[in-house]
Amino acid sequence: PTPAKRPRRAPGSGEDAPQEQRVNLCLRDNLFSRFKENLPKQLSGSLRRAAKTCALSGANWLHAGAVRVVACTSQEFARAENLFSAKTPCWDPQAFCPSSGKLCDSWETKRHNLRTPDAFDALVFEVDRSASDEARSQADGDYFDLVSVSTMYHDGNHAEFCSLHRCKDRSAGAADCILPLSRLSGHSLHWFKLDRRHYFASGEPMRLEFRIFPDGGVSRLGLYRQD
């Protein structure tokens, strides 16, 4: 009888390599996997799609297509990207994950229970003005002077305070305070009127840092112009 042919291996898979090389490849993959952030699961796509679109989403500079998450100190319980959803936060009382616990449509950080002034979690993100609706661009420039912060479905595990800062440049840390330390209540929508207009620079993204003190959950973040 004709001997069976061995199946072809995918190029670069290492399966045709000597045993010592295959062991090295496994060790390499295991090492690299430790540097990848283990993000929590999301609520079901059907539930999130069925959620109502926020009535003011068209006026919010922070819609998903205009925002890029740069860095985040913690998102063990819920992903930071959820802050920029155009949908109202949704809730599923039955949704749990063995690794992260209750699944929430928000950004929720790991508890560290520190009460020092420098005890906070931070999210750094960029806002690309060119990705926003041109109808929002006025003759006097693109700006925002209102900040909205929602803690919907977080009550007791919500962030107690927040602040917003503008980074001096794309390589530097927070420099200009936009929203000073402000108290947050559980399961609430907060509006903060800023003391002046903050303009987007022409032709380049604005880099911002949103801080929550000391930790916890926030559902949505928005930037608006009052007019």
Side-chain angles (χ1 to χ4, degrees), residues 30-44 48 62-64 66-85 87 89-92 95-127 147-168 170-190 192 205-223:
N30 184 51
L31 176 62
F32 286 170
S33 68
R34 294 177 181 272
F35 291 96
K36 295 180 180 178
E37 187 172 14
N38 186 22
L39 295 174
K41 292 183 177 180
Q42 296 277 52
L43 288 173
S44 69
R48 302 177 76 195
L62 302 185
H63 62 82
V67 175
R68 182 179 73 89
V69 173
V70 176
C72 187
T73 58
S74 170
Q75 46 185 336
E76 276 84 353
F77 295 145
R79 302 185 188 189
E81 66 190 61
N82 294 332
L83 288 178
F84 312 114
S85 171
K87 301 280 190 173
C90 55
W91 174 259
D92 182 355
F96 284 86
C97 175
S99 59
S100 59
K102 185 73 187 75
L103 295 181
C104 293
D105 183 21
S106 61
W107 173 39
E108 187 176 3
T109 69
K110 182 173 64 176
R111 306 296 179 267
H112 45 68
N113 297 318
L114 300 175
R115 297 290 172 176
T116 56
D118 59 345
F120 59 84
D121 282 308
L123 166 65
V124 178
F125 61 95
E126 289 184 346
V127 187
V147 177
S148 71
V149 181
S150 170
T151 58
M152 194 171 182
Y153 298 119
H154 286 282
D155 194 0
N157 62 341
H158 61 281
E160 297 179 17
F161 298 88
C162 71
S163 64
L164 182 66
H165 307 261
R166 184 171 186 167
C167 300
K168 185 175 181 180
R170 300 184 67 184
S171 61
D176 180 21
C177 181
I178 294 174
L179 176 67
L181 192 67
S182 303
R183 180 177 289 277
L184 299 175
S185 300
H187 194 57
S188 303
L189 176 61
H190 310 77
F192 301 104
M206 176 188 286
R207 178 166 288 195
L208 301 171
E209 181 175 313
F210 180 59
R211 298 175 179 177
I212 57 174
F213 298 77
D215 48 42
V218 173
S219 302
R220 295 291 185 269
L221 178 64
L223 300 179

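Residue numbers run from 1 in the order of the sequence given. Keep in mind that this is a model prediction, so the values were computed, not measured.
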Does a side-chain heavy-atom distance below 4.5 Å link [X] with [Y]?
| X | Y | result |
| --- | --- | --- |
| L221 | V147 | yes |
| R68 | P205 | no |
| L189 | S150 | yes |
| V149 | V218 | yes |
| D105 | C90 | yes |
| Y153 | H187 | yes |

How close do [X] and [Y] get, counting heavy atoms only, and between which atoms?
| X | Y | result |
| --- | --- | --- |
| R183 | F161 | NH2-CZ, 3.3 Å |
| G217 | T151 | O-CG2, 4.2 Å |
| G216 | R111 | CA-NH1, 3.5 Å |
| W91 | C104 | CZ3-SG, 4.2 Å |
| F213 | A119 | CD2-O, 3.7 Å |

Nearest 0.5 angstrom please: [X] [atom1] to [Y] [atom2], how far?
| X | Y | atom1 | atom2 | answer |
| --- | --- | --- | --- | --- |
| D155 | S188 | CG | OG | 7.5 Å |
| T109 | F77 | OG1 | CZ | 8.0 Å |
| S163 | I178 | OG | CD1 | 10.0 Å |
| S148 | L223 | OG | CG | 7.5 Å |
| C72 | L39 | SG | CG | 9.0 Å |
| L164 | L123 | CG | CG | 10.0 Å |

Donor-acceptor pair, [X] side chain versus [Y] backbone, under 3.5 Å?
| X | Y | result |
| --- | --- | --- |
| R220 | N82 | yes |
| D176 | R166 | no |
| H165 | L208 | no |
| S219 | P89 | no |
| Q75 | A80 | yes |
| S85 | L83 | no |

### Message
For H190, give me all partners under ring pair (Phe, Tyr, Trp, His ring centres under 6.0 Å), at least two apart in sequence or on another chain.
### Response
none
### Task
Determine, stepwise, if the pair E76 / R79 fulfils salt bridge (charged side-chain N to carboxylate O under 4.0 Å, His left out).
CA-CA 7 Å; E76 276 84 353; R79 302 185 188 189; over 6 Å; no
### Query
Going through the distances and angles, do F210 and W107 end up as a side-chain contact (heavy atoms from CB on, under 4.5 Å)?
CA-CA 11 Å; F210 180 59; W107 173 39; 3.8 Å; yes
#### Entry: Side-chain donor-acceptor pair present, D121, T73, cut-off under 3.5 Å
yes
### Task
Check side-chain hydrogen bond (donor to acceptor under 3.5 Å, both in side chains) between H154 and all other residues, then give those that pass, not counting sequence neighbours.
S106, N157
### Query
Does the ring center of F125 lie less than 6.0 Å from the ring center of F84?
yes
### Task
Scan M206, R207, E126 and name whichever one has a side chain to side chain contact (heavy atoms under 4.5 Å, CB included) with C167.
R207
